[in-house]
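Data first, discussion second: the structure below is written as structure tokens.
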Amino acid sequence: MTDSTQDAGMDPDKFVTVGKFLEPVNAQMAKGMLESAGIECFLQGENANSLLALAFRARLLVHKQDEETAREILGEAVGELTGDELTEQERHELEAGDDKG
């Protein structure tokens, strides 16, 4: 199988995190922004806070090949929608991308 995404080193099944959110409603708003732009995305751990409030962050994931576009669309909105400050490690993860697909 040799298509352009594999030739470019892009695995279409690889996902990266483009946002982390404490509040599920904020995660849904960011997800809606991407979906309205035609970018396939999903939330991971969005209901975890129902177990222990504000203990977990929902992660917004997109296909690796959509990462740059998704980050452009979200822009500063991710920082505003997270509802709190990211830790240094979380900021580094978001800036560097997420290789744990």
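Note that this is a predicted model, so its numbers are computed, not measured. Heavy atoms only: backbone and side chains are in, while hydrogens, waters and symmetry mates are out.
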Check side chain to side chain contact (heavy atoms under 4.5 Å, CB included) between Glu68 and all other residues, then give those that pass, not counting sequence neighbours.
-> Glu72
Residues that Glu40 engages under salt bridge (Lys or Arg N to Asp or Glu O under 4.0 Å), provided they are two or more places apart | none
Are any non-hydrogen side-chain atoms of [X] and [Y] less than 4.5 angstrom apart?
X	Y	value
Leu60	Cys41	yes
Leu61	Val18	no
Phe15	His63	yes
Glu46	Gln28	yes

Residue pair Val16, Asp66: steps toward the side-chain contact (heavy atoms from CB on, under 4.5 Å) verdict | CA-CA 9 Å; Val16 294; Asp66 294 329; over 6 Å; no
Nearest-0.5 Å distance that lies between atom [atom1] in [X] and atom [atom2] in [Y]:
X	Y	atom1	atom2	value
Arg59	Gln44	CZ	CD	5.0 Å
Leu34	Arg71	CG	CZ	10.5 Å
Thr17	Arg57	OG1	CZ	12.0 Å

Residue pair Ala30 / Phe21: nearest heavy atoms and the distance that separates them | CB-CZ, 3.5 Å
Might you work through the side-chain contact (heavy atoms from CB on, under 4.5 Å) test for Met33 and Leu74, ending with a clear yes or no?
-> CA-CA 7 Å; Met33 290 171 67; Leu74 292 174; 4.1 Å; yes
Any salt bridge (charged side-chain N to carboxylate O under 4.0 Å, His left out) pairs touching residues 27-36, not counting sequence neighbours?
-> Lys31-Glu35
